[in-house]
2 protein chains.
Amino acid sequence: MSKANHTDCSSAMLPVRDALDVISGKWKLIILISISSGNHRFREIERSIGKINSKVLAKELKDLEEHKLIKRTVYDESPVFVEYTTTPYATTLGKVIKELRDWGLNHRKEIIGK
Amino acid sequence: MSKANHTDCSSAMLPVRDALDVISGKWKLIILISISSGNHRFREIERSIGKINSKVLAKELKDLEEHKLIKRTVYDESPVFVEYTTTPYATTLGKVIKELRDWGLNHRKEIIGK
DNA sequence: CTGTATCCACGAGGATACTG
DNA sequence: CAGTATCCTCGTGGATACAG
């Protein structure tokens with residue numbers, strides 16, 4: 001953690017809060033990982049996560065769409081189907097997810113695994 | 001976001017969940033930033049954040065201590081006082097916080113600021 | 001100053017069933 | 001398949017007061 005003096009403390013807190021508002025919560029990043037891993041259909045995503053239920057998934061997908069992180073496309077063929085894809089903007093979260101993943105791996109070794 | 005195939009999807013999700021369990025929530029990282037910015041006393045931290053209240057702060061500090069991210073030291077002078085400091089382990093979160101901060105700054109420009 | 005004690009509101013998240 | 005509709009639990013977070 002970089003040291004900072006008292007005055008620029010809030011200048012660090014605000015953007016972190018902004019970021020957390022988007023990605024915090026139990027499922028947001030998990031869903032993004034699932035979609036970017038090749039799951040594009042509602043039931044696919046649901047199954048890949050396992051413990052989430054339809055209502056919660058639907059809500060989270062809406063949130064992610066509002067934040068421009070995923071795109072929902074309805075294909076009007078028959079049968080109609082819906083596809084979720086990550087947006088180019090979502091790729092900007094790549095480094096965040098990588099760091100979280102690395103840290104999570106290490107944390108499990110260091111703390112949880114004791 | 002790095003592409004991954006279906007099979008290693010959960011191998012990415014689990015550590016991210018571990019990380020989020022620790023740092024997610026409204027205040028955890030904010031408190032860490034405050035402490036590492038030079039606020040070491042309970043009321044200092046409270047004031048630097050502004051909108052948090054004593055009960056919530058006390059609980060979050062306990063959580064952070066359990067996760068070995070901060071250290072609580074009681075100085076038995078008179079008057080007695082308590083000091084919170086970040087642990088060396090907390091510095092491993094540095095990159096995570098940096099990425100979150102950078103992303104949050106950009107996100108505000110890109111999305112919120114529209 | 002450093003918290004605890006109450007009491008409380010609200011929303012996230014969940015179980016189950018159901019619709020088009 | 002892609003969601004909605006209900007109903008519910010529980011934790012987070014908060015207001016206010018107070019204790020050591």
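Order of the sequence lines sets the chain letters (A, B, ...), proteins ahead of strands, with each chain counted from 1. Predicted model only: the values in this text are computed from it and were never measured.
Evaluation of the side-chain hydrogen bond (donor to acceptor under 3.5 Å, both in side chains) rule for B/Lys98 yields B/Asp102 as partners, not counting sequence neighbours. Residues satisfying the side-chain hydrogen bond (donor to acceptor under 3.5 Å, both in side chains) criterion with B/Arg41, sequence neighbours excluded, are absent altogether. Partners of B/Lys59 under the side-chain hydrogen bond (donor to acceptor under 3.5 Å, both in side chains) rule, at least two apart in sequence or in another chain, are B/Asp63. For B/Lys68, the side chain to side chain contact (heavy atoms under 4.5 Å, CB included) criterion is met by A/Ile111, B/Tyr89, not counting sequence neighbours. Every residue meeting the side-chain hydrogen bond (donor to acceptor under 3.5 Å, both in side chains) condition with B/Glu60, not counting sequence neighbours, appears here in chain and number order: B/Lys28.
Less than 4.0 Å separates DNA chain C from no heavy atom of any residue of residues 68-81 of chain A.
With hydrogens and angles left out, the side-chain atoms of A/Ser34 and A/Ser48 include a donor and acceptor closer than 3.5 Å.
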Could you list, one pair per line, each protein nitrogen or oxygen that sits under 3.5 Å from a nitrogen or oxygen of nucleotides 14-19 of chain D, together with the distance?
residue	atom	partner	partner atom	Å
D/dG14	OP1	B/Lys26	NZ	3.4
D/dG14	OP2	B/Trp27	NE1	3.4
D/dG14	N7	B/Lys55	NZ	3.4
D/dG14	O6	B/Lys55	NZ	2.2

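In this structure, the CD atom of B/Glu44 is 16 Å from the C1' atom of C/dG3, given to the nearest Å. In this structure, A/Lys59 places its NZ atom 16 Å from P of D/dA5, rounding to the nearest Å. Between the P atom of C/dT4 and the CZ atom of B/Phe42 lies a distance of 8 Å, rounded to the nearest Å. Look at CG on B/Leu57: it is 12 Å from P on D/dG13, rounded to the nearest Å. Atom NZ of A/Lys28 and atom P of C/dG11 are 14 Å apart (whole Å). A straight line from CG of B/Leu61 to P of C/dT4 spans 10 Å, rounded to a whole angstrom. Taking atom CD1 of B/Ile31 as the reference point, atom P of D/dT12 lies 13 Å away to the nearest angstrom. As a whole-Å value, the separation of B/Leu20 CG from D/dT12 P is 15 Å.
Side-chain nitrogen and oxygen atoms of B/Tyr84 include none within less than 4.0 Å of the OP1 or OP2 phosphate oxygen of C/dC1.
B/Leu14 and A/Leu93 are assigned to two separate hydrophobic clusters, defined by single-linkage of ILVMFWY side chains at heavy-atom distances under 4.5 Å.
Other cluster members for B/Phe81: B/Tyr75, joined by side-chain heavy-atom distances under 4.5 Å among Ile, Leu, Val, Met, Phe, Trp and Tyr. The hydrophobic cluster analysis finds B/Leu105 isolated: no Ile, Leu, Val, Met, Phe, Trp or Tyr side chain comes under 4.5 Å of it, directly or through other members.
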